[in-house]
Amino acid sequence: MTVKTRFAPSPTGYLHIGGARTALFSWLYARRHGGHFVLRIEDTDRERSTPEAINAILEGMAWLGLDYDEGPFYQTERFDRYAEVIDRLLEEGRAYRCYCSRERLESLREAQMARKEKPRYDGRCRHLTEPPADASGDPVIRFRTPLEGETVVNDRVKGRIVFANRELDDLIIARADGSPTYNFVVVVDDMDMGISHVIRGDDHVNNTARQVNILQALGVEPPVYAHVPMILDEDGKKLSKRTGAASVMDYRDQGYLPEAVLNYLARLGWSHGDQEIFTLDELIQLFDIDDINHSASSLNSSKLQWLNQHYMKTGDPAHVARHLAWHLGEMGVDPAGGPSLEALVSAQAERTKTLREMAQNSLFFFREPEGYDEKAARKNLKAGAAPVLAALREALSGLGQWQTEAIHETVSGVAEGQELKLGKVAQPLRVAVSGGPVSPPIDETLALLGREATLRRIEAAEAWIAENVVDQPQEG
RNA sequence: GCUCCCAUCGUCUAGCGGUAAGGACGCCGCCCUCUCAAGGCGGAAACCGGGGUUCAAAUCCCCGUGGGAGCGCCA
């Protein structure tokens, strides 16, 4: 059997992190089996679907690198086809027109709820042969669900699930205006597009029995279903925009690499023994529906951060640098005016968790620090630091080659000359050039910053000390 | 309320009748160290409860309990 999977989001919002995972699973499964992956936009709800949301979904897919072999298909462009199938169902008596008013349906539901029954259509129009006398307005079309027997779904992740048909009611497949509804279009599309495996969130399990029944009425073999558990937020609650990043683009904005997000998502609800780090190729090779978990899982941002740092540390610096450049740009920095981004990535990757943090902590390489971190200055830019800085400035200005190793020797040389531990020299220097207490190793920092900026900032620090510290009572 | 699903460290998970219940993130401690990190080493930390089945249950069955989903002229 040729494998064909699909991702079928409704364009009513951004590409959700949960949706991204189902998309990833579907994509991986198709790639794993040399099949096709289809993107289908479920936009039958014209009220809620927006072009912005469609773009957001396409953008999210592109950022993650989940490419599709077919589509995007739009359901709104397939209305003729749906009408055709509905007519066929009507002719064959597998569907019927229902003239019940919304009001009647509403009170029916209320009465059932009051009786603690499961609300469902009572089948009043099921046996009508012609419109009732009191009919007003256009009818909806309902699917004639079998009254008896059971519908079995052999779910690839949940196992065998049995639904008694009497628990199902006659669902509406076309609205009064003739437009088809979700449970119906899904079935027609999956059938027409030759979808072999439906991988989707398990909030759809209860729909599956209805869909299987429609498929059977159409005389078609159902696809293989695999319902993956939900993703919960860090507190184990349902995901919402409120509780942090829900849209995949938020992850980009927060400084995550797409490969980190992909790896993280893959390991959320799926596993392969004790392995945590997977390349995309490994995922394609190893992914299997049978290894998907049965229970919902919570997001854990610290694990994502760990993965992200892993990819920043071990990835191709040029690749990471491209992403870093984007974030620098977001912060109004033109990377052209500073050190090599690749070198910067190498220097910062092991001390930052995200690209955003890396960019933030690297700002001083591109522009003068805006003043000194108060605490760091109080501790390191004391009166006693002035001669140290002066010595450093002198030694560094005479340095032949502005390279890490030579700089390192020079700085340690100054420390020895002043009979100070390296830290006593490096730290004031660090504050002087970076404005704060944290940076890559001082020699690397200076090498990246360049001689000119280094000397200028040392001088500025000396002036700052003269102006702000000289009159203060000296302490050690 | 009815139907369906789920249940191993805080979190992600391995386990598929016999294990000292393993790994990862995070956390704690030590080492390393010019800052912050990274890294190395070590540590604390889990089978929801009760019944069965079995020589033997985290693993199989049942019942509870607790979560979740669905019950639209939404998808």
Side-chain angles (χ1 to χ4, degrees), chain A residues 8-12 42-45 47-49 75 98 100 102 105-106 109 112-120 138-142 153 155 157-159 161-164 167-169 171-183 185-186 201-209 227 229-230 232 234 236 238 264 267-277 291 293-307 309 313 348-353 361 376 380 408 411-412 415 421-431 434 436-443 445:
Chain A
S10 63
T12 54
E42 311 230 323
D43 56 352
T44 53
D45 184 350
E47 300 276 299
R48 298 198 304 162
S49 299
Q75 293 184 323
C98 170
C100 295
R102 289 173 192 263
L105 261 21
E106 184 58 31
R109 250 193 296 277
Q112 286 165 330
M113 299 274 256
R115 268 180 272 134
K116 297 186 192 282
E117 285 171 15
K118 183 194 234 178
R120 69 244 264 210
D138 295 320
V140 299
I141 313 291
R142 286 185 187 272
V153 177
D155 193 275
V157 354
K158 308 270 184 193
I161 307 174
V162 181
F163 296 89
E167 291 294 337
L168 278 19
D169 65 354
L171 69 153
I172 292 174
I173 57 177
R175 305 179 178 91
D177 67 2
S179 65
T181 61
Y182 170 74
N183 281 114
V185 293
V186 165
D202 71 3
D203 48 336
H204 287 286
V205 280
N206 289 289
N207 286 328
T208 311
H227 288 97
M230 305 274 83
L232 276 19
E234 307 240 358
K238 199 171 167 181
Y264 178 73
R267 271 293 283 101
L268 195 63
W270 172 86
S271 61
H272 180 72
D274 286 339
Q275 191 171 347
E276 295 288 349
I277 308 286
D291 300 318
N293 247 241
H294 295 188
S295 49
S297 34
S298 297
L299 254 13
N300 180 192
S301 58
S302 53
K303 183 154 183 187
L304 206 209
Q305 288 182 352
W306 170 73
L307 273 167
Q309 182 171 44
K313 282 193 308 188
Q348 297 276 229
E350 67 187 31
R351 65 201 83 246
T352 54
K353 300 282 190 194
N361 293 356
N380 299 289
H408 182 81
V411 175
S412 347
K421 297 215 301 197
L422 184 55
K424 289 289 181 190
V425 173
Q427 204 55 8
L429 180 53
R430 171 170 286 114
V431 176
S434 75
V438 175
S439 87
I442 198 64
D443 47 2
T445 300

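Per chain, numbering begins at 1; letters A, B, ... match sequence-line order.
Relative to the side chain of S271(A), the nucleotides C73(B), A14(B), G1(B) differ in distance, and A14(B) lies closest. Of the candidates C36(B), U13(B), A69(B), the closest approach to any side-chain atom of R351(A) belongs to C36(B). Side-chain proximity of L105(A) to the nucleotides C73(B), C34(B), G26(B) is greatest for C73(B). Listed nucleotides A38(B), C73(B), A7(B) differ in distance to Q309(A); the shortest reach to its side chain belongs to A38(B). Here C2(B) is the nucleotide among C5(B), C2(B), C12(B) with the atom lying nearest to any side-chain atom of E167(A). Closest to the side chain of W306(A), from the set G26(B), C6(B), G23(B), is G26(B). Closest to the side chain of V140(A), from the set U35(B), A69(B), C73(B), is C73(B). When each of C4(B), C34(B), C6(B) is scored by its nearest atom to the side-chain atoms of Q427(A), the top-ranked nucleotide is C34(B). For K118(A), the listed nucleotide lying nearest its side chain is G1(B); candidates were C12(B), G1(B), C34(B). The side chain of D45(A) sits closest to A75(B) out of C6(B), G22(B), A75(B).
Rounding to the nearest 0.5 angstrom, the gap separating the CZ atom in R109(A) from the CZ atom in R102(A) is 10.0 Å.
For the C1' atoms, the distance linking G17(B) with C60(B) amounts to 8 Å, nearest Å.
Across the strands present, U19(B) finds no partner; the criterion is a Watson-Crick or G-U wobble pair with both atom distances under 3.5 angstrom. C32(B): no Watson-Crick or G-U partner with both key distances under 3.5 Å is found in any strand. The base-pairing partner of U3(B), taking Watson-Crick or G-U wobble contacts with both distances under 3.5 Å, is A69(B). In this structure, G26(B) makes no Watson-Crick or G-U wobble pair, since no nucleotide meets both defining distances under 3.5 angstrom.
The 12-atom threshold is not exceeded at CD of E47(A), counting heavy atoms of other residues, nucleotides or ligands nearer than 6.0 Å.
The side chain of S297(A) contributes an N or O atom lying less than 4.0 Å from OP1 or OP2 of U13(B). For A38(B), one of the phosphate oxygens OP1 or OP2 lies less than 4.0 angstrom from a side-chain nitrogen or oxygen of K353(A). Phosphate contact (OP1/OP2 of A75(B), side-chain N/O of R48(A), threshold under 4.0 Å): absent. The side chain of N300(A) places no N or O atom within less than 4.0 Å of a non-bridging phosphate oxygen (OP1 or OP2) of A24(B). Between K238(A) and the phosphate of A69(B), there is a side-chain N or O to OP1/OP2 separation shorter than 4.0 Å. An OP1 or OP2 oxygen of G39(B) is reached within less than 4.0 angstrom by a side-chain nitrogen or oxygen of K313(A). Residue S439(A) places no side-chain N or O under 4.0 Å from the OP1 or OP2 atom of C36(B).
L232(A) has its CG atom 16 Å from the P atom of C6(B), to the nearest Å. In this structure, CG of D155(A) is placed 13 Å from C1' of C6(B), rounded to the nearest angstrom. The nearest whole Å value for the distance from the CZ atom in F163(A) to the C1' atom in C71(B) is 12 Å.
Counting non-hydrogen atoms under 4.0 angstrom, D43(A) reaches nothing in the nucleic acid. Within 4.0 Å of E276(A), counting heavy atoms only, lies at least one base atom of the nucleic acid. Here G269(A) lies in heavy-atom contact (under 4.0 Å) with sugar-phosphate atoms only. Within the nucleic acid shown, N207(A) comes within 4.0 Å of at least one base atom, counting heavy atoms only. In this structure, I442(A) reaches the bases: a heavy-atom distance under 4.0 Å links it to at least one base atom across the strands shown.
Here the side chains of N380(A) and R430(A) are not in contact, with every heavy-atom distance at 4.5 Å or above.
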